[in-house]
Amino acid sequence: MAAETKVSETKIWRTTVLTLFPEMFPGPLGVSLAGRALASGLWALEARDIRNSATDRHRSVDDTPAGGGPGMVLRADVLAAAIDAADGASASSKDRPRLLMSPRGRPLTQSRVEQLAAGPGPLIVCGRFEGIDQRVIEARGLEEVSIGDYVLSGGEIAAMAVIDACVRLLPGVMGKPASGAEESFSEGLLEYPQFTRPQEFEGRPIPEILLSGDHAKIAAWRRAEAEALTRAWRPDLWAARQVRPGPRQNRPKNTTEG
Ligand code: SAH
C-alpha cells in the first residue's frame, strides 16, 4: 500500500518554477478550477527562489551586460546552480522539459500545451531584467517559449499562462472532459459563438437553429461558424489547416494507401 502511494505521488503532474519572486505563486493558479485541483492534489507546484543559489555576500543574481547596453542580465552560474538544485530535489528531473519563458522563444500553441500536460510537468525558468546569460540556455538545454509578441517585465505571468493552460487539460480538473475537446484550436479552428439564457437579450435572439434540438444541424452550423471565424480572424491558422489537415478530418474514402 505504501509503495502504491509513492508511485501515484511521483506520477502526478508536478511543475517547478524558478523565479526571483516565488511569493507570486500560486497566485491566480490558487483559485477556481486550477486552485481546487491543486488543493486536492491533482497537480503540484513548487516555486523556488533563484536567489537562494546566489553565492556572494550580497546574494546578487544579475550583472551588467557584457559589451554594454541598458539593464541587467541574470548570471549563468547562479541560474545553473538553481536549475541543478531543483533537479536534485525532483524525482522526474530526467525526463521533464525545461522551459525558459522568453519573448524571442517559439510561440506557445495548444498542441505544445497538450504535450506538456501529457508529460511529468515542466521545470519553468522565469527571466527578469534584460533576460538571462545565453550560456546557461545552452548548457542546461532550455527550450525558449513565448506567450506572444509583446514584452512582459518578467517570466512569472507567462509561466502562469503555460501552467494554467496545461492544468485545465489534466484528468479530473475540468468538470466535463468533453468541454476541452471542442474549443478553440483543438482542430486548428477558433471556437463557434456561444449563447445561453435569456432567449432574447436587448432585442437579439439566440440563433434559431440552436433551439431546434436537431443535433446534426447544430453541429453543422457550429462547424460553419468556426470555419468562417477562423478564415476572417486568423488567416494564418486557416492557411496552416489547408496545408496540414487536422487529425480529426476524414481522409479521402478511395485512398490507395497500404
Ligand atoms: N530584453 C528582452 C526582454 C526581457 S523581458 C528581449 O528583448 O527579449 C524580461 C523577462 O520577461 C524575460 O526574460 C522573460 O522571462 C519574460 N518575458 C517577457 N515577455 C515575454 C513573452 N512574451 N513570453 C514569455 N516570457 C516573456
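For ligands, and for the atoms within them, numbers begin at 1 and follow the listed sequence.
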### Message
Considering only residues two or more places apart or on different chains, which pairs with a residue in residues 31-44 satisfy side chain to side chain donor-acceptor pair (under 3.5 Å)?
### Response
none
Below 3.5 Å, can you tabulate the donor-acceptor pairs from side chains in residues 199-212 to any protein atom, sequence neighbours excluded?
{"from": "Ser212", "atom 1": "OG", "to": "Ile209", "atom 2": "O", "distance (Å)": "2.6"}
{"from": "Ser212", "atom 1": "OG", "to": "Asp214", "atom 2": "N", "distance (Å)": "3.1"}

### Query
Within the distance-only criterion (no hydrogens, no angle test), does the side chain of Arg48 pair as donor or acceptor with the backbone N or O of Thr16 below 3.5 angstrom?
no
### Task
Only pairs at least two apart or in different chains count here, so list each side chain to side chain donor-acceptor pair (under 3.5 Å) that has a residue in residues 66-85.
Arg75-Asp77, Asp84-Arg140
Below 3.5 Å only, please: the N or O atoms of ligand 1 paired with protein N or O atoms, distance on each line.
{"from": "ligand 1", "atom 1": "1 (N)", "to": "Glu130", "atom 2": "O", "distance (Å)": "3.0"}
{"from": "ligand 1", "atom 1": "1 (N)", "to": "Glu130", "atom 2": "OE1", "distance (Å)": "3.0"}
{"from": "ligand 1", "atom 1": "11 (O)", "to": "Gly154", "atom 2": "N", "distance (Å)": "3.4"}
{"from": "ligand 1", "atom 1": "11 (O)", "to": "Gly155", "atom 2": "N", "distance (Å)": "3.4"}
{"from": "ligand 1", "atom 1": "15 (O)", "to": "Met101", "atom 2": "O", "distance (Å)": "2.6"}
{"from": "ligand 1", "atom 1": "15 (O)", "to": "Gly127", "atom 2": "N", "distance (Å)": "2.9"}
{"from": "ligand 1", "atom 1": "19 (N)", "to": "Leu152", "atom 2": "N", "distance (Å)": "3.0"}
{"from": "ligand 1", "atom 1": "22 (N)", "to": "Gly148", "atom 2": "O", "distance (Å)": "2.9"}
{"from": "ligand 1", "atom 1": "22 (N)", "to": "Tyr150", "atom 2": "O", "distance (Å)": "2.8"}
{"from": "ligand 1", "atom 1": "23 (N)", "to": "Ile147", "atom 2": "N", "distance (Å)": "3.1"}
{"from": "ligand 1", "atom 1": "25 (N)", "to": "Ser102", "atom 2": "N", "distance (Å)": "3.2"}

### Sidechain-backbone polar pair: Thr230 side chain, Leu190 backbone, donor-acceptor under 3.5 Å
yes
#### Entry: Enclosure of Asp149 CG (heavy-atom neighbours >12, cutoff 6.0 Å)
no
